[in-house]
Number of protein chains: 2
Amino acid sequence: MSQTSRSTPATLHDVAREAGVSLATASRSLNGSTRKVNEAYRQKVLEAAARLGYTPNLSAQAVARGTTTTVALLVADIADPYFSSIAAGVVGQADREQLIVTMAETERDPARELELVRAMRGQRPRVMILASSRRADDPAAEALQAELTAYEQTGGRVVFITATDSPFRTVTLENREGARALATRMLDLGYLRFGALTGPAGLRTAEDRIAGFTEGLVAGGSDLPADRTARCAFTRDGGYAGMRELIDRGLGDTQLVFALNDVMAMGAMSALRDAGLAPGREVAVAGFDDIPTVRDVTPTLTTVRLPLEEVGERALRLALAESDDESGAPVPTEVIVRDSTPRLTD
Amino acid sequence: MSQTSRSTPATLHDVAREAGVSLATASRSLNGSTRKVNEAYRQKVLEAAARLGYTPNLSAQAVARGTTTTVALLVADIADPYFSSIAAGVVGQADREQLIVTMAETERDPARELELVRAMRGQRPRVMILASSRRADDPAAEALQAELTAYEQTGGRVVFITATDSPFRTVTLENREGARALATRMLDLGYLRFGALTGPAGLRTAEDRIAGFTEGLVAGGSDLPADRTARCAFTRDGGYAGMRELIDRGLGDTQLVFALNDVMAMGAMSALRDAGLAPGREVAVAGFDDIPTVRDVTPTLTTVRLPLEEVGERALRLALAESDDESGAPVPTEVIVRDSTPRLTD
DNA sequence: ACCGCATGGGAAAACGTTATCTCACTTCCG
DNA sequence: CGGAAGTGAGATAACGTTTTCCCATGCGGT
């Protein structure tokens with residue numbers, strides 16, 4: 001009972017011996033093979049396995065079967081609610097599909113992303129989901145595409161979560177359309193003078209959102225003047241810094257600042273507050289994504305809802321789908337007006 | 001160039017043939033073995049590998065070597081900032097150690113946790129990190145412990161992230177001490193009448209924090225009356241519901257509510273606001289964990305800082321450490337006073 | 001000149017599975 | 001009663017690696 005000495009895990013061999021059957025029969029009994037096996041034998045094997053605490057070695061199964069049950073997930077930053085929500089969706093769906101997910105963090109660096117894709121290929125995952133953000137000026141983009149194409153040629157499935165269309169299966173996020181709808185809605189609320197935190201140059205998500213927002217404004221007869229925008233990192237601290245810069249440059253009569261995503265918006269609101277300005281009252285703020293916490297900030301944040309967890313689920317389902325063009329409808333976005341953008345009544 | 005037909009990944013065999021060397025030499029060239037290999041041969045192999053786009057099959061390596069490079073991580077809920085911060089730490093450290101992390105979600109269900117541990121054992125991970133929360137009344141606890149012990153006997157390493165001491169390596173969270181320090185500090189600020197959201201019955205983390213908080217209050221001559229506490233789920237919505245219940249029962253002269261963790265505190269503050277009460281001014285609120293977003297809520301939240309990302313890193317390092325009793329010092333906690341608990345001056 | 005002895009390549013056995021292929025045995029039909 | 005046709009267990013060849021072992025070669029020492 002108190003065997004504290006280190007041993008090795010029980011193998012199928014052990015189980016077969018213990019049950020007094022052949023290796024083949026043991027294997028057939030423990031996983032569902034097409035072949036039938038005598039119920040009496042089957043019982044013996046099952047009992048033996050339980051007695052020995054046998055767990056099949058997934059690596060060995062992978063080698064023998066030539067396929068794994070792994071899905072590889074690449075995100076920019078796990079601690080960011082945007083990515084962790086997507087990850088939660090992927091992991092949940094994977095669990096339902098009896099798959100295992102392995103995760104890695106690109107830290108928003110394209111070179112690192114490429115490196116990680118290479119490394120992950122070693123696992124021979126069934127699926128690779130790339131939620132990490134695309135850049136327009138990515139020098140590693142070609143190499144990445146080549147790597148992924150090679151991966152697909154060996155039977156893998158690539159799914160991107162992004163707005164830009166890629167040569168791979170894609171869960172399409174309507175960043176542009178969502179931002180345009182947001183702009184329209186803000187105009188409806190009476191806003192006229194807009195500013196924005198535009199994120200880092202070259203980041204596709206950022207560019208799409210800004211483009212969509214501008215489009216909406218222009219369509220409504222307004223615009224987004226360059227001197228009311230500031231570049232900044234795509235993070236909470238970036239949002240804080242960007243808003244800080246806007247404030248330092250002089251907000252003028254800016255009525256509403258669009259922050260590109262919710263974490264940036266939250267940083268921006270803090271920057272406003274720290275500068276003695278009341279977000280929502282003196283300067284309205286809008287975000288994008290609808291991460292869970294925006295209901296709990298003050299004022300509650302107006303944003304464009306992206307069903308992130310569902311996005312993760314869809315990504316995996318899409319990867320597993322038979323048909324190649326099952327990408328289906330883009331993910332629905334929805335403008336959600338909250339207290340950070342009150343109706344202007346003057 | 002446009003070979004779109006599906007093929008299989010290049011194997012070491014292919015590389016060896018392409019380079020005109022034996023399998024053994026190819027293997028020795030591509031990973032660092034103890035044996036030296038002629039530089040000319042080595043180059044040929046490396047070139048051949050590059051030409052064929054060879055990536056070693058990790059499963060096969062695992063089978064041949066008898067060990068994997070996998071870290072299994074179990075969390076309760078990936079989308080919860082507490083767990084995603086820990087996960088970020090684990091993934092970051094794993095990356096530095098050239099390890100791969102696979103992740104699963106217990107959804108706070110002990111039965112599920114046991115099931116998952118069983119399933120993960122199939123991967124033969126080098127390390128299993130359990131960040132999912134312990135329960136005092138867990139009916140599956142014995143089975144879990146048996147499973148983990150068996151796992152350790154076969155060479156695996158278990159690390160718990162928790163406050164309760166376990167028979168396994170543990171990153172110790174000083175929930176009790178931190179909560180006690182928080183109580184002391186709140187007394188210093190002039191608070192006298194306390195309430196609390198106590199979380200679900202049986203959850204160790206919750207119990208420890210409440211116990212510590214009560215201790216601190218009692219030590220300071222105050223107390224935590226049962227009629228000012230409410231049970232609730234350990235989530236944002238739980239915090240909201242719990243505070244709602246407290247409000248409905250009548251807050252009386254309660255001056256400060258301790259919410260057990262930050263997401264609950266944020267829910268609680270929203271509940272207060274929705275009831276027309278100003279958190280921080282009319283009722284003070286304190287949390288625990290110091291998740292990133294609490295700097296951005298209004299009022300900013302007083303809490304006990306837990307360096308969550310570092311906790312994740314430490315967990316992995318602890319798992320990998322040679323010595324058995326390297327658990328080291330408990331993770332330092334720090335009370336951080338912010339605007340949600342202003343000094344009482346009446 | 002001969003004998004170790006290090007050096008380093010290659011054949012082949014292992015790792016823990018699955019899947020193919022035998023083959024003994026039953027059953028059923030004419 | 002003989003033979004065809006199932007049935008299902010077991011031996012064994014894979015799967016893609018690593019690693020052990022064997023062996024040819026070259027070199028230094030006596």
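A note on names: the letters A, B, ... follow the listed sequences, proteins ahead of strands, and every chain is numbered from 1. Here the structure is a predicted model, which means the values were calculated and not measured.
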Student: Nearest 0.5 Å please: distance from the CG atom of L203(B) over to the CZ atom of R134(B).
Tutor: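 Taking CG in L203(B) and CZ in R134(B), the distance rounds to 9.5 Å.
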
Student: In the structure I gave you, are the side-chain heavy atoms of R51(A) and E18(A) within less than 4.5 Å of one another anywhere?
Tutor: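 Yes, close enough: below the 4.5 Å cut-off.
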
Student: Specify the separation, in whole Å, of atom CZ of R65(B) and atom P of dT19(D).
Tutor: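 The answer, rounded to whole Å, is 6 Å.
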
Student: Between dT7(D) atom P and R28(A) atom CZ, what is the distance in whole Å?
Tutor: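 To the nearest whole Å, that distance equals 15 Å.
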
Student: Hey, is the main chain of Q145(B) close enough, under 3.5 Å, to the side chain of T149(B) for a donor-acceptor pair?
Tutor: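 Pair found, side chain donor or acceptor close to backbone of Q145(B).
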
Student: Hey, is the side chain of S27(B) poking within less than 4.0 Å of OP1 or OP2 on dT18(D), counting only N and O atoms?
Tutor: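 Yes, such a contact exists.
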
Student: Can you list, in residue-number order, the parts of residues 9-18 of chain A that come under 4.0 Å of DNA chain D, counting heavy atoms only?
Tutor: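 Heavy-atom cutoff 4.0 Å gives no residues at all.
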
Student: Could you check how far CG of L23(A) sits from C1' of dA9(D), rounded to whole Å?
Tutor: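 That distance rounds to 12 Å.
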
Student: Choose from dA9(D), dC21(D), dG10(D) the nucleotide whose nearest atom is closest to any side-chain atom of V37(A).
Tutor: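 Shortest atom-to-atom distance from the side chain points to dA9(D).
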
Student: Any non-hydrogen side-chain atom of L173(B) less than 4.5 Å from a side-chain atom of T162(B)?
Tutor: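 Not touching, per the 4.5 Å side-chain cut-off.
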
Student: Just wondering, do V75(A) and S132(A) contact through their side chains at under 4.5 Å, heavy atoms?
Tutor: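 In short, these two side chains do not touch, never coming nearer than 4.5 Å.
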
Student: For the residue pair T69(B) / Q98(B), report whether a side-chain donor-acceptor contact shorter than 3.5 Å exists.
Tutor: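 Per modelled atom types, Q98(B) and T69(B) side chains form no pair under 3.5 Å.
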
Student: If you count the non-hydrogen atoms of other residues, nucleotides and ligands that lie under 6.0 Å from CD in E39(A), is the total more than 12?
Tutor: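 For E39(A), atom CD is crowded (more than 12 foreign heavy atoms under 6.0 Å).
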
Student: Under a 4.5 Å cut-off applied to non-hydrogen side-chain atoms, are E113(B) and L74(B) in contact?
Tutor: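 E113(B) vs L74(B): side chains touch.
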
Student: Is it the case that the side chain of R169(B) and the backbone of A321(B) share a donor-acceptor pair, with hydrogens and angles ignored and the cut-off at 3.5 Å?
Tutor: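 Yes, R169(B) side chain to A321(B) backbone: donor-acceptor pair under 3.5 Å.
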
Student: Once hydrogens and angles are ignored, does a donor-acceptor distance under 3.5 Å link the base of dG9(C) to the side chain of R35(B)?
Tutor: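 Under the 3.5 Å cut-off, the side chain and the base do form a donor-acceptor pair.
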
Student: Regarding R204(B) and D137(B), does a basic nitrogen lie under 4.0 Å from an acidic carboxylate oxygen?
Tutor: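 So R204(B) does not pair with D137(B) through a salt bridge.
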
Student: So what is the end-to-end bend of the helix from dA1(C)-dT30(D) to dG30(C)-dC1(D), with 5 pairs used at each end and the value given to 10 degrees?
Tutor: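 Rounded value for the end-axis angle: 50°.
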
Student: Could you tell me whether the side chain of R124(A) has a donor or acceptor atom within less than 3.5 Å of a complementary atom in the base of dG16(D)?
Tutor: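 Between dG16(D) and R124(A), which were checked side chain against base, a qualifying N/O pair under 3.5 Å is absent.
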
Student: Measure from CG on L30(B) to P on dT19(D) and round the result to the nearest Å.
Tutor: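 Value for this atom pair: 14 Å.
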
Student: Where along residues 38-64 of chain B does a heavy atom fall under 4.0 Å from DNA chain C?
Tutor: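 Result for residues 38-64 of chain B: N38(B), Y41(B), V63(B), A64(B), sorted by number.
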
Student: Below 4.0 angstrom from OP1 or OP2 of dG10(C), is there any side-chain N or O of T25(B)?
Tutor: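 For T25(B), the contact criterion (side-chain N or O under 4.0 Å from OP1 or OP2 of dG10(C)) is met.
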
Student: Is it the case that S59(B) and S59(A) place a side-chain donor and acceptor less than 3.5 Å from each other?
Tutor: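 The criterion, which ignores hydrogens and geometry beyond distance, is not satisfied for S59(A) and S59(B).
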
